[in-house]
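Chain identifiers are assigned alphabetically (A, B, ...) following the order of the sequence lines, protein sequences preceding nucleic acid strands; residue numbering begins at 1 within each chain. Since we're looking at a predicted model, the values are computed, not measured.
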There are 2 protein chains.
Amino acid sequence: MSEISKTKGRPRKFDKENALKIALHLFWRHGFEGVSVANLASSMGINVPSLYAAFGNKEQLFFKSVELYGKTNANIYAPALALDTAYEVAQAILLGEVDLVTNPEAPDGCLMVQGALVTSPESQELSDMMSKLRLTAEGWMADRFEKAIEDGDLPKNADAKALACFIMTVNSGIAVQAKTGVKRHELLKIVDYSLLAFRKIAMLD
Amino acid sequence: MSEISKTKGRPRKFDKENALKIALHLFWRHGFEGVSVANLASSMGINVPSLYAAFGNKEQLFFKSVELYGKTNANIYAPALALDTAYEVAQAILLGEVDLVTNPEAPDGCLMVQGALVTSPESQELSDMMSKLRLTAEGWMADRFEKAIEDGDLPKNADAKALACFIMTVNSGIAVQAKTGVKRHELLKIVDYSLLAFRKIAMLD
DNA sequence: GTATTTATTTAGTGAACAATACAAAAATGT
DNA sequence: ACATTTTTGTATTGTTCACTAAATAAATAC
């Protein structure tokens with residue numbers, strides 16, 4: 001069952017992980033339909049058939065890019081949700097989003113928002129999948145806030161789902177603003193404001 | 001100088017304004033690059049050359065769609081900015097956005113956000129134009145809040161630009177959430193929360 | 001009636017799209 | 001040495017892209 005055995009055929013000339021990273025950055029900047037397979041391949045420094053051999057097709061390459069995105073650039077939720085208080089969770093998610101969308105070594109904005117927010121009818125499923133992923137993250141937050149209510153960290157009459165929806169709304173807004181060109185220090189003000197709001201909404205003070 | 005004279009050549013068989021409305025709805029739902037000229041023409045009930053004769057080309061058709069959008073569906077800012085207090089302005093803009101992005105007779109979401117948030121490199125100018133339009137609206141808000149500070153409606157040390165940026169961030173977030181499938185009554189909660197935040201940020205109470 | 005103007009229809013243009021067929025090349029297994 | 005496996009490069013598939021040339025049709029101008 002181990003996969004340690006030497007590969008048999010002709011060895012791949014390019015670094016698959018690095019090629020995937022290049023694809024991710026192109027999808028990130030231009031969206032799924034804003035970049036062509038020919039463009040992807042040449043930017044990755046490979047021929048089109050090598051891309052298909054290594055990644056399947058354009059859609060699967062996009063999925064793998066999203067996966068890499070979640071493991072590297074957008075690894076926000078897992079560590080944030082593990083924090084002690086609902087407030088810290090909200091803070092970590094919003095600050096993590098600002099870091100993500102203004103990272104100078106990556107495209108501006110958020111792949112989950114701009115990767116396939118709108119598409120041609122042919123790619124509707126892909127757009128739906130991205131919506132589901134955003135809703136999944138919102139669900140994680142809602143569950144975490146629910147737990148905070150049970151723990152007594154949030155008041156009993158707090159609305160966990162609505163709080164999560166509020167944070168996700170600000171998150172998405174921050175992503176659009178970053179793509180619009182709004183700078184990091186301005187987005188950090190938005191985070192401060194939103195956290196002030198969070199405390200008030202959650203009736204923490 | 002009057003343009004009341006009868007048109008000379010063969011009369012157009014289709015209603016130009018209605019055709020433009022159909023184009024607007026397609027761009028709204030699928031984005032500039034998510035719908036083809038052939039698709040636009042057939043949905044408008046006309047042949048492709050008629051589209052070019054009436055509207056120039058795809059880009060100009062998009063511009064005219066944006067213009068129609070501003071005059072009809074998205075006529076939010078002018079009436080909102082004329083209201084008496086900064087709080088009422090913020091409230092009208094956020095509620096107007098929710099109405100806009102959840103109107104059951106139009107596509108979900110906001111054309112200014114999803115029309116060309118990301119594009120292929122060839123359409124970068126178009127994406128930049130949409131960013132500029134969003135920033136223009138934000139500028140209107142900032143100016144209005146500045147005036148509110150001068151009027152004593154907002155405290156002297158309020159940050160007009162940051163307040164405008166906050167409202168625009170929530171606005172964009174609401175647009176993304178509507179496209180994600182979040183329902184009107186949930187978005188109205190977000191508006192309530194954001195207005196609570198607005199009062200606190202602006203130090204109105 | 002004839003000329004002029006504009007819209008419509010049909011049938012295309014070359015370029016770009018996602019995806020592949022095929023054969024040569026480069027590794028391993030026996 | 002030779003068969004097997006996988007990647008590579010070249011060339012190409014059929015389709016869709018934005019856009020248009022050309023002929024016909026329907027109105028007004030004089």
### Query
Does a donor on one side chain sit under 3.5 Å from an acceptor on the other, for B:Glu33 and B:Ser123?
yes
### Query
If you measure from NZ on B:Lys21 to CG on B:Leu26, what distance do you get to the nearest 0.5 Å?
12.5 Å
### Message
Looking at B:Phe27, I'd like to know if the NZ or CZ of B:Arg29 sits under 6.0 Å from its six-membered ring centre while staying within 45 degrees of the ring's axis.
### Response
no
### Query
So, is the end of the B:Lys58 side chain (NZ or CZ) under 6.0 Å from the ring centre of B:Phe32 and within 45° of the ring's axis?
yes
### Message
How many whole angstroms separate atom CZ of B:Arg10 from atom C1' of D:dA25?
### Response
4 Å
### Task
Using whole Å, report how far CZ of A:Phe14 lies from C1' of C:dA26.
15 Å
### Task
Could you pick out which residue, B:Pro11 or B:Glu122, lies toward the 5' side of DNA chain C when each is mapped onto its nearest nucleotide?
B:Pro11
### Message
Counting distance alone, no hydrogens or angles: does the base of C:dA7 have a donor or acceptor under 3.5 Å from a partner atom on the side chain of B:Arg12?
### Response
no
### Task
Compare side-chain N and O positions of B:Ser36 against OP1 and OP2 of D:dC17 and report whether any pair is under 4.0 Å apart.
yes
### Query
Considering residues, nucleotides and ligands other than B:Lys64, do more than 12 of their heavy atoms fall under 6.0 Å from its NZ?
yes
### Message
Ignoring hydrogens and geometry beyond distance, is a side-chain donor-acceptor pair present between A:Gln114 and B:Gln114 at under 3.5 Å?
### Response
no
#### Entry: Residue-level proximity of residues 39-61 of chain B to DNA chain C when a heavy atom falls under 4.0 Å
B:Asn47, B:Pro49, B:Ser50
### Task
Quickly work out the B:Lys16 NZ to C:dA7 C1' distance and round it to whole Å.
12 Å
### Query
In whole Å, what is the span from the NZ atom of B:Lys13 to the P atom of D:dA27?
11 Å
